[in-house]
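First comes the structure, then the notes that go with it.
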Amino acid sequence: MQAYGPILARIYDRRWSAFAARAAAAILAFYESARPGRAPGALLDVCCGTGQLALHFLERGWRVVGLDASESMLAHARRHAAAHVAAGRARFVPGDAAAFNLEERFGLAVSTFDSLNHLADEKELAGCFRSVHRALATGGLFVFDLNTRLGLRRWDGVTLADSDEEWSVTHRGFYDEAARRGGSRIAGLVSRPDGSRENFEETVVNTAFDLGRVERLLGETGWSGVRFARLDDLAVALARPEGEGRVFVVAAKEGNS
Ligand SMILES: C[S@@+](CC[C@H](N)C(=O)[O-])C[C@H]1O[C@@H](n2cnc3c(N)ncnc32)[C@H](O)[C@@H]1O
């Protein structure tokens, strides 16, 4: 499991929440066109992070369960969605995306910003597909994204610096072709509440899953209608998904699956 630590969660909350908000709007619009006439229902957000995607749905009448391995990320999510948590419309629960069991049933499940690339291998990915399938109601949809091998390779050797009054860190991208793993080493100095600074280092690792195998694993774990698409057009299947840096995957839980 790659539960983000408290400092990475703090940086993430300030720097990287925008993608989830953008993805939320596109996924909800897609769901409404794919399942017309349905009232806002229940959303499962797998690897929910700081809750930005959840918030978009909550503000539009959905109920949300967000699951994440990081208590630090969950704490940000609970803070952002505090009113909805207090009203009993949102829950942010600790759990492992590779193997979980929830009592509720959901009409839509999502997992965004390459979260499922954090799973170590196909066994974990299949475990995730199985867990989400169990949690969805019949007719439900699962929409998630993955960095492709091409997307992960692009970061190899790329260094980015990020500093402000609270931190001064570098992100060093790496990619190991043989292991099909890449990611980023984030290291530097971060300020404490008393103004002093502490050293920080955390490595985020992504697995580059073969998309043909992803499609097969989805089929083996009960999913139908699988397609790879771009966020801005989730209804249209890509002819060459491995040619993209990131793909969205849409899958359905049909009546007999
Ligand atoms: C890149 S962030 C994405 C967060 C959010 N989905 C978004 O779009 O902003 C990845 C998240 O996955 C969580 N995570 C990583 N491995 C996990 C696992 N095995 N089970 C549950 N959460 C996991 C991390 O703690 C982190 O919050």
Side-chain angles (χ1 to χ4, degrees), residues 1-28 43-58 62 64-81 90-102 106 108-132 134-135 142-148 151-152 155 160 162 171 173 181-186 202-209 217 231 234 245-249:
M1 272 199 286
Q2 279 194 65
Y4 289 16
I7 293 175
L8 185 55
R10 198 167 120 202
I11 295 175
Y12 193 98
D13 191 48
R14 285 251 312 273
R15 292 285 194 254
W16 298 327
S17 299
F19 181 86
R22 191 165 76 83
I27 293 170
L28 180 54
L43 170 75
L44 170 61
D45 187 355
V46 181
C47 303
C48 62
T50 58
Q52 297 302 329
L53 184 143
L55 208 49
H56 185 91
F57 280 79
L58 287 164
W62 285 65
V64 175
V65 172
L67 177 133
D68 202 284
S70 163
E71 276 298 348
S72 305
M73 295 293 268
L74 288 167
H76 286 286
R78 290 184 194 116
R79 179 170 54 83
H80 291 306
R91 288 197 304 129
F92 294 96
V93 300
D96 182 359
F100 65 87
N101 211 342
L102 296 167
F106 302 86
L108 175 64
V110 298
S111 187
T112 56
F113 219 4
D114 329 316
S115 295
L116 299 190
N117 288 105
H118 288 338
L119 300 178
D121 52 33
E122 289 183 3
K123 190 165 173 253
E124 290 196 3
L125 191 63
C128 175
F129 292 165
R130 217 170 280 119
S131 302
V132 176
R134 195 168 38 232
F142 183 23
V143 182
F144 62 96
D145 65 355
L146 287 173
N147 262 319
T148 64
L152 287 171
W155 287 102
L160 299 175
D162 174 15
H171 301 246
R181 269 168 212 263
S184 186
R185 279 187 199 93
I186 307 150
E202 190 160 333
T203 300
V204 173
V205 179
N206 285 252
T207 307
F209 292 107
L217 288 177
L231 177 61
L234 290 167
R246 169 184 290 120
V247 289
F248 274 77
V249 189

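Counting starts at 1 for both ligands and their atoms, following the listed order.
Nearest-heavy-atom check against atom 21 (C) of ligand 1 across Ala69, Ser70, Ala77 picks out Ala69.
At least one N/O-N/O distance between Tyr12 and ligand 1 falls below 3.5 Å.
By the criterion of a heavy-atom distance under 4.0 Å, neither the backbone nor the side chain of Asp45 is placed next to ligand 1.
Contact detail for Phe92 and Arg78: the closest heavy-atom pair is O-NH2, 2.6 Å. The two residues Glu202 and Gly5 come nearest to each other via the heavy atoms OE2-N, 3.2 Å. Shortest non-hydrogen contact noted between Cys128 and Leu119 is CB-CD1, 3.8 Å.
With ring centers used as reference points, Phe106 lies 6.0 Å or more from Phe142.
When only non-hydrogen protein atoms are considered, atom 12 (O) of ligand 1 lies nearest to Cys47 CB, 3.4 Å. Protein heavy atom closest to atom 27 (O) of ligand 1, with residue, atom name and distance, is Asp68 OD2, 2.7 Å. Scanning the protein heavy atoms around atom 19 (N) of ligand 1, the nearest turns out to be Asp96 OD1, 2.9 Å. Closest to atom 15 (C) of ligand 1, if we only count protein heavy atoms, is Gln2 O, 3.0 Å. Atom 20 (N) of ligand 1 has its closest protein heavy atom at Ala97 N, 2.8 Å. Here the heavy atom of the protein found nearest to atom 8 (O) of ligand 1 is Thr112 OG1, 2.7 Å. Shortest contact from atom 10 (C) of ligand 1 to any protein heavy atom: Ser115 OG, 3.4 Å.
A donor-acceptor contact closer than 3.5 angstrom is absent between the side chains of Tyr4 and His76.
Within the structure, ligand 1 lacks Asp114 among the residues with a heavy atom less than 4.0 angstrom away. Residue contacts with ligand 1: Leu53 is excluded, as none of its non-hydrogen atoms falls under 4.0 Å. Taking 4.0 Å as the cut-off, Gly95 counts as a neighbour of ligand 1 on heavy-atom distance. For Ser17, the heavy-atom gap to ligand 1 stays at 4.0 angstrom or more. Contact annotation: Tyr4 has at least one heavy atom less than 4.0 Å from an atom of ligand 1.
The side-chain heavy atoms of Gln52 and Leu55, taken from C-beta on, include a pair separated by under 4.5 Å. Counting only heavy atoms from C-beta outward, the side chains of Leu44 and Phe100 approach each other to under 4.5 Å. For the pair Ile27/Leu108, a side-chain contact is recorded, criterion being any heavy-atom separation below 4.5 Å from C-beta on.
For the atom pair Phe57 CZ and Asp45 CG, the distance stands at 8.5 Å (nearest 0.5 Å). From Leu67, atom CG reaches atom CG of Leu102 across 6.0 Å, with rounding to the nearest 0.5 Å.
Each of the following atoms of ligand 1 lies closer than 4.0 Å to a heavy atom of Leu119: 19 (N). Less than 4.0 angstrom separates some heavy atom of Ala20 from each of these atoms of ligand 1: 7 (C), 8 (O), 9 (O).
Using cut-offs of 30° and 60° on the angle between ring planes, the pair Phe19 and Phe248 is parallel.
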